[in-house]
Amino acid sequence: EVWFMKRLMAMVLALALLLSVCGCSDNTPEGLSKATFKQGNAALEVMDAYLAGDASAEDTLVKLEEVLQLLQIRLES
């Protein structure tokens with residue numbers, strides 16, 4: 001379980017870094033694609049559900065991995 005929490009925390013920190021770049025506004029920041037902004041917002045929704053107790057840690061990890069994979073695909077293309 002320790003590896004799981006370390007992995008979850010690493011994802012949370014990565015998302016925090018991403019969100020610090022794009023901010024939390026309705027408008028897409030300059031230099032950031034709408035798709036990337038949308039993925040960042042999706043990650044926030046996943047974390048909000050977890051922090052509110054509406055999702056398990058395992059489900060949150062799976063959903064965050066999906067969001068990050070989509071983000072990586074978008075950044076590589």
Side-chain angles (χ1 to χ4, degrees):
E1 253 188 60
V2 172
W3 69 268
F4 180 77
M5 291 306 294
K6 285 182 181 179
R7 194 169 178 185
L8 183 61
M9 288 306 297
M11 287 187 167
V12 169
L13 291 174
L15 290 171
L17 179 61
L18 172 68
L19 295 174
S20 69
V21 172
C22 67
C24 295
S25 65
D26 292 336
N27 297 328
T28 304
E30 186 178 333
L32 187 67
S33 72
K34 288 186 183 228
T36 301
F37 186 73
K38 184 178 177 181
Q39 290 306 119
N41 284 333
L44 270 178
E45 290 175 10
V46 170
M47 286 307 301
D48 283 345
Y50 174 71
L51 294 173
D54 297 333
S56 69
E58 293 84 11
D59 289 342
T60 300
L61 181 61
V62 168
K63 289 178 183 176
L64 285 175
E65 285 176 341
E66 290 172 359
V67 170
L68 288 174
Q69 285 176 356
L70 289 172
L71 183 60
Q72 286 175 338
I73 290 169
R74 291 177 201 269
L75 293 176
E76 290 173 357
S77 59

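Just so it is clear, the structure is predicted and the values come from calculations on it, not from any experiment.
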For Gln39, run the side chain to side chain contact (heavy atoms under 4.5 Å, CB included) check against Leu70, Leu68, Leu44 and tell me which one passes.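 The passing option is Leu70.
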Cluster link Met5 to Leu64, ILVMFWY, side chain under 4.5 Å: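 Yes, Met5 and Leu64 fall within the same hydrophobic cluster.
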Are Leu8 and Trp3 connected into the same hydrophobic cluster when the rule is that any two of I, L, V, M, F, W, Y join if their side-chain heavy atoms are below 4.5 Å apart?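 Yes, one cluster joins them.
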Ala42 and Val67: which non-hydrogen atoms are nearest, and at how many Å?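 What the structure gives for the nearest pair is CB-CG2, 4.3 Å.
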Roughly how far, to the nearest 0.5 Å, is CD of Glu65 from OG1 of Thr60?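 Here the rounded value is 11.0 Å.
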Could you state the interatomic distance from CE (Met11) to CZ (Arg7), rounded to the nearest 0.5 Å?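 Reported to 0.5 Å precision, the distance equals 5.0 Å.
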For Ala10, side chain to side chain contact (heavy atoms under 4.5 Å, CB included) partners two or more places apart: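 Ala10 satisfies side chain to side chain contact (heavy atoms under 4.5 Å, CB included) with no other residue.
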Compile the donor-acceptor pairs under 3.5 Å between side chains in residues 45-58 and protein atoms, sequence neighbours left out, one pair per line.
from: Ser56; atom 1: OG; to: Asp59; atom 2: N; distance (Å): 3.1
from: Ser56; atom 1: OG; to: Asp59; atom 2: OD2; distance (Å): 3.3

